[in-house]
Amino acid sequence: MKKIVVLGSLNMDLVVRAPRHPQPGETVIGGEFQTFPGGKGANQAVAAARLGAEVWMIGRVGGDAFGEALLQTVRRDGVNTTFVRCDDQAATGVALITLDTTGQNAIVVAPGANMRLTVQDVQEAEAAFEGADLLLMQLESPLEAVEAALQIAHRRGAKVVLNPAPARPLPNALLTQVDYLVPNQSELRLLADGEVEIEAAAARLMAKGVRNLIVTLGEEGALLKTADFQEKLPAFPVPVVDTVAAGDAFAAAFCVALAEGKPLREAVVWGNAAGAIAVTRPGAQPSMPTREELEHFLKERQG
Ligand code: RIB
């Protein structure tokens, strides 16, 4: 079993479906209100565990009912939470999510305890990196913590995958040290200084020194670009119910495949398959596929 460390957020997702996303100043009457366990970090941790990895998570929750509920959920999926601190001075992260009739989402995150993760927390979690194959991170945690974890992972010989979500400018030193960068289109654009054309933006990031780039393109699949080659791998067509956490499913499946030594191209296909399964189901963590589901899906679609 491969070992993956996930540094990242745990949020409670507060979700409402509406006929459309509200405009500024507008009130829209929505449907039923639902809560789901979420947070990019926890979603990816749960997905990686369901796909067969040993997963250790590093993060913070608040000392409240949401925090306790989120910890219980990730533990139920086998995620080791030894290094998820409970912070009595902060509220647990919350995501306010609206979904339109096509399943497209709009999200505002109140990060709470997630943004109080410190470099010291990461250093104290060094034991999590013992024998780890890979470190997976996103950007719902402080950048200093992300950078500290990257250094520990590389010192211990683990590969580093960064899903730079939500989008924010990043120092070149970080971009060039990450082994695999997995942005979506808007994150790619921001990191490529506003370049809107996908291949040109990807080329600009590679010119900045990014080692391996995997751009998730939603219904268009994913673009894989390394120093030696570039390939666009199509998405698997599915009926879309809820797009929340599709990128998290992709990142986790990509990492599990990579940690298991599968070729890069196959790891991207795994990502596409996990993302496709996730959008057919409601909720963030509830939509993450198991390994059995993913293998069955790939067999059906690829023969
Ligand atoms: O990527 C989806 C996640 O983003 C949601 O679960 C929400 O919590 C936000 O972090």
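For ligands, and for the atoms within them, numbers begin at 1 and follow the listed sequence.
At a 4.0 Å cut-off, at least one heavy atom of Gly39 sits close enough to ligand 1 to count as contact.
Atom CD1 of Ile97 and atom CG of Asp13 lie 3.5 Å apart (nearest 0.5 Å). Between the NZ atom of Lys40 and the CG atom of Asp248 there is a distance of 5.5 Å, given to the nearest 0.5 Å. The structure places CG of Leu71 at 7.0 Å from SG of Cys86, a figure rounded to the nearest 0.5 Å.
Taking every non-hydrogen atom of Gly38 and a distance limit under 4.0 Å, the qualifying atoms of ligand 1 come out as 6 (O), 8 (O). Near Asp13, meaning under 4.0 Å from any of its heavy atoms, are these atoms of ligand 1: 5 (C), 6 (O), 7 (C), 8 (O). Which parts of ligand 1 touch Asp248 is read off a 4.0 Å heavy-atom cut-off, strictly below it: atoms 1 (O), 2 (C), 3 (C). Those atoms of ligand 1 with a heavy atom of Ala95 less than 4.0 angstrom away are 7 (C), 8 (O). When each atom of ligand 1 is checked for a heavy atom of Ala284 under 4.0 Å away, the hits are 6 (O).
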Step-by-step side-chain contact (heavy atoms from CB on, under 4.5 Å) determination, Glu220 to Lys232:
CA-CA 9 Å; Glu220 298 290 310; Lys232 199 167 166 191; 3.7 Å; yes
As a quick check of understanding, evaluate side-chain contact (heavy atoms from CB on, under 4.5 Å) for Val6 and Val79, giving each step before the final call.
CA-CA 10 Å; Val6 178; Val79 174; over 6 Å; no
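Nearest protein neighbour of atom 10 (O) of ligand 1, counting heavy atoms only, is Glu140 OE2, 2.7 Å. Among all non-hydrogen protein atoms, the one lying nearest atom 4 (O) of ligand 1 is Lys40 NZ, 3.1 Å. Scanning all protein heavy atoms for the shortest distance to atom 3 (C) of ligand 1 gives Asn43 ND2, 3.7 Å.
Screening His154, Gln151, Arg211, Glu147 against Gln177 for a side chain to side chain donor-acceptor pair (under 3.5 Å) leaves a single residue, Gln151.
Polar contact check, Asn11 against ligand 1: a nitrogen or oxygen pair lies under 3.5 Å apart.
Clustering ILVMFWY residues whenever any of their side-chain heavy atoms sit less than 4.5 angstrom apart, transitively, puts Leu143 in the very cluster that holds Val160.
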